[in-house]
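Following: one structure in structure tokens, then a few remarks.
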Amino acid sequence: MGARSQGRGRGSQSHADDHVSPIRAGGTSPFNGIDQFSDAGRRWIESRTGENVNLETLCALELPWANTHRLYTESSSPELPNRLVVEKYVEMYCSSLHIPVFPVISKSLFIITLDLAYGLPEAIGSASARSCVYAFLSVVTQFGFDDNMHGAMDCGSYASAAQSYMAQITQEMTLDGLQSLIMLVQFQYFLGDLQAATVSVSIATRLLYAFGAHTQYGNSQSYDKSIPEFHLRDLFWLCYSFDKDICLRTGQPPSIQDTCCDLTLPTGYAQIQDSNILRDTLSIDDHTLPLYPFDLRLSQIKSEAYQALYSASARRKTDTEILSSILELDEALEQWRLSLHPDFRPTLWFSPEMPVSAMNTQTTMLRLAYYHCVNIIHQASERCRFSQEHGPGHDGIRSSISLTINASRSTLSYLQTALPVVKGECFWVVLFYAITAILTLFRSILHNPLDPEINHQMNILGEVPDLIRKIPIRRLTLGEVIHLRFLDGFTTELLRLCACAITKARRDEI
């Protein structure tokens, strides 16, 4: 769509009805992938491949972002470590590059939290404070800050301990409780437990509203994280970023409603982000404006994409209205892309032969997020039902679908190049981007198995198992082992079905 879409058509479909795959027609989440395979989906796959499909094989395990079981164990709460140990963690975290990306605590304000957590248990707010410390410990152990300091407790035990105070958090309604919830969101997000994260986000949102953090603070003041209002605003943006990403992955409506919030960006945000994202080292203090986990402008586009393309009201749109929304979102995404510094601006597409500058975890996640946004915007065109006789409309659909394919190819190709610089705690996020790209290519091949570039797409899919095994993992847990094993079989089965579809299409042509 737009300038980027011109001249990017695909081969024509053999049947007009094939524009809407029953895999997509389940009416739940557009991004949950294989767990949406219904009987209609199975019949569609069988019609394209000529093979009997065993959905139990494909769905043997849930995909990470559709996980409904805890990937960490519930157990009795561990004792809080010595306060001096926690203070060292705070010092390490607040002087690392994690704090501008995930500004979950304020070093200055956290002293009050520790006083409450290690003080009298009957003090008002002490339960939320202890939950906050446990949640903080779950994050720092997950991110590897504990490796050389003391015998590390499993990060899941800390998270479970933090969750055990949920009832008190909702009763006490304190800043510490809010911090605990958002750190739990962060922990659950990076563990791939998005069902739990949706609950944590929803409760955190109510506290954000109660504190007024959804409105703008400090327009006439310089940023200072030691001031509670600024820290609350950071927590709002953190929650907003996670919420908008999670809703697209789960298909559930977002907890934060944009129309109820002041979404004015921090003063100088774009310029400061461009400067800071390129730095391997950064002077960090209470006046360092955060980067946040996703570019806030991109999070706002994600929010608009969900509302315009995947919400309940969007599902009542006509094909013309859907294509119009896609065009508007594509233009907004392109404006965002062009606003980024050339050194880390995502290219419209990527191949392994292309040079890459400014490659680190942050720029890698930003580029992957861009290709994913192209995918989620344009794949909505699959819902359109224009027949081939509707020339311009059909061309728009083909252009959009072509862009989803290019974005998926770019995702997998870029991962091949960038994985050496990605931090191990990003395992589940990287896995999500990879599987989303795999499923897009799978649908594309089944839709059009005689496409002239079909061999290239098959080669890309064939490289996926090796790619998945290269994704860095800080600590290999049972959940990660299970999903890596699952993905081997999952990708192999998808490749087999694609090969069957190609063979059937060639046979039918004769």
Side-chain angles (χ1 to χ4, degrees), residues 97-104 106 178 182 185-186 189-190 197 201 204-205 208-209 211-219 221-225 229-249 254-279 282 284 287-308 329 331-341 344-346 360-374 376-377 426 429:
L97 286 176
H98 287 279
I99 191 67
V101 179
F102 304 103
V104 287
S106 162
L178 175 59
I182 294 178
V185 173
Q186 179 179 329
Y189 177 88
F190 278 103
V201 162
T205 297
L208 286 166
Y209 288 159
F211 285 120
H214 59 300
T215 58
Q216 181 69 21
Y217 281 109
N219 281 328
Q221 296 176 270
S222 298
Y223 176 83
D224 187 345
K225 197 167 178 62
E229 288 78 8
F230 282 99
H231 180 49
L232 277 167
R233 191 64 175 169
D234 284 346
L235 295 177
F236 167 80
W237 282 122
L238 268 175
C239 196
Y240 183 90
S241 300
F242 283 125
D243 184 42
K244 301 309 178 182
D245 194 66
I246 290 170
C247 82
L248 284 171
R249 297 193 184 195
S255 294
I256 297 177
Q257 299 300 318
D258 288 20
T259 54
C260 300
C261 303
D262 183 340
L263 298 180
T264 305
L265 295 175
T267 304
Y269 171 77
Q271 296 78 10
I272 294 171
Q273 194 210 48
D274 270 11
S275 173
N276 288 347
I277 201 171
L278 292 170
R279 299 183 182 180
L282 189 65
I284 298 170
H287 301 283
T288 304
L289 189 70
L291 293 169
Y292 307 105
F294 309 101
D295 188 304
L296 297 181
R297 295 165 295 175
L298 190 60
S299 293
Q300 291 176 350
I301 293 173
K302 289 179 184 179
S303 182
E304 293 168 7
Y306 180 87
Q307 186 60 38
L329 287 162
E331 290 175 347
L333 185 62
E334 179 64 1
Q335 288 300 312
W336 170 81
R337 189 187 73 85
L338 292 174
S339 73
L340 300 174
H341 193 286
F344 61 85
R345 179 186 301 154
N360 56 36
T361 295
Q362 186 71 3
T363 57
T364 294
M365 291 296 106
L366 184 143
R367 287 164 173 146
L368 290 174
Y370 166 71
Y371 294 129
H372 178 60
C373 273
V374 173
I376 62 177
I377 288 171
C426 296
V429 182

Check: R297/S339 side-chain N/O donor and acceptor closer than 3.5 Å: yes
Rounded distance [0.5 Å steps], CD in Q300 versus CD in E304: 7.0 Å
Value rounded to 0.5 Å, distance of OG1 in T205 from CD1 in I256: 4.5 Å
Donor-acceptor under 3.5 Å (R337 side chain, R345 main chain): no
Any C239 side-chain heavy atom under 4.5 Å of V185 side chain: no
Qualifying residue for side chain to side chain contact (heavy atoms under 4.5 Å, CB included) with Y223, from I272, T267, D234: D234
Interatomic distance, L298 atom CG to D245 atom CG [nearest 0.5 angstrom]: 9.0 Å
Aromatic ring pairing H341/F344, orientation class (parallel under 30°, perpendicular over 60°, tilted between): parallel
L340 to D274 - nearest heavy-atom pair and separation: C-OD2, 4.0 Å
Euclidean distance, E334 CD relative to I301 CD1, rounded to 0.5 Å: 10.5 Å
Atom pair CG/NE2 of L248 and H372 - distance to nearest 0.5 Å: 6.0 Å
Working for side-chain contact (heavy atoms from CB on, under 4.5 Å), residues R233 and F236: CA-CA 5 Å; R233 191 64 175 169; F236 167 80; 3.6 Å; yes
Evaluation steps, side-chain contact (heavy atoms from CB on, under 4.5 Å), between Q186 and F242: CA-CA 8 Å; Q186 179 179 329; F242 283 125; 4.1 Å; yes
Minimal non-hydrogen separation, V101 against L97, with atom names: CG2-O, 3.5 Å
W237 versus L263, closest heavy-atom pair with distance: CH2-O, 3.7 Å
Between CG on residue L238 and CG on residue L178, distance to nearest 0.5 Å: 10.0 Å
Trace of the side-chain contact (heavy atoms from CB on, under 4.5 Å) decision for S106 with F230: CA-CA 10 Å; S106 162; F230 282 99; over 6 Å; no
Geometric cation-pi criterion, K302 with F294: 6.0 Å, 45°: yes
Any side-chain heavy-atom pair of C261 and Y240 under 4.5 Å: no
Polar contact flag, side-chain donor to acceptor under 3.5 angstrom, R249-Y189: yes
Over all atoms of both residues, closest heavy-atom pair of H214 and C260: CD2-O, 3.1 Å
Closest heavy-atom pair and its distance - A213, L232: CB-O, 3.7 Å
Beyond-backbone contact of K244 with D258, side-chain heavy atoms, under 4.5 angstrom: yes
Parallel, tilted or perpendicular: ring planes of Y292 versus Y269, cut at 30 and 60 degrees: tilted
Heavy-atom pair of closest approach, residues T215 and G212: OG1-O, 2.7 Å
Expected output: side-chain D243 to main-chain P254 donor-acceptor under 3.5 Å: no
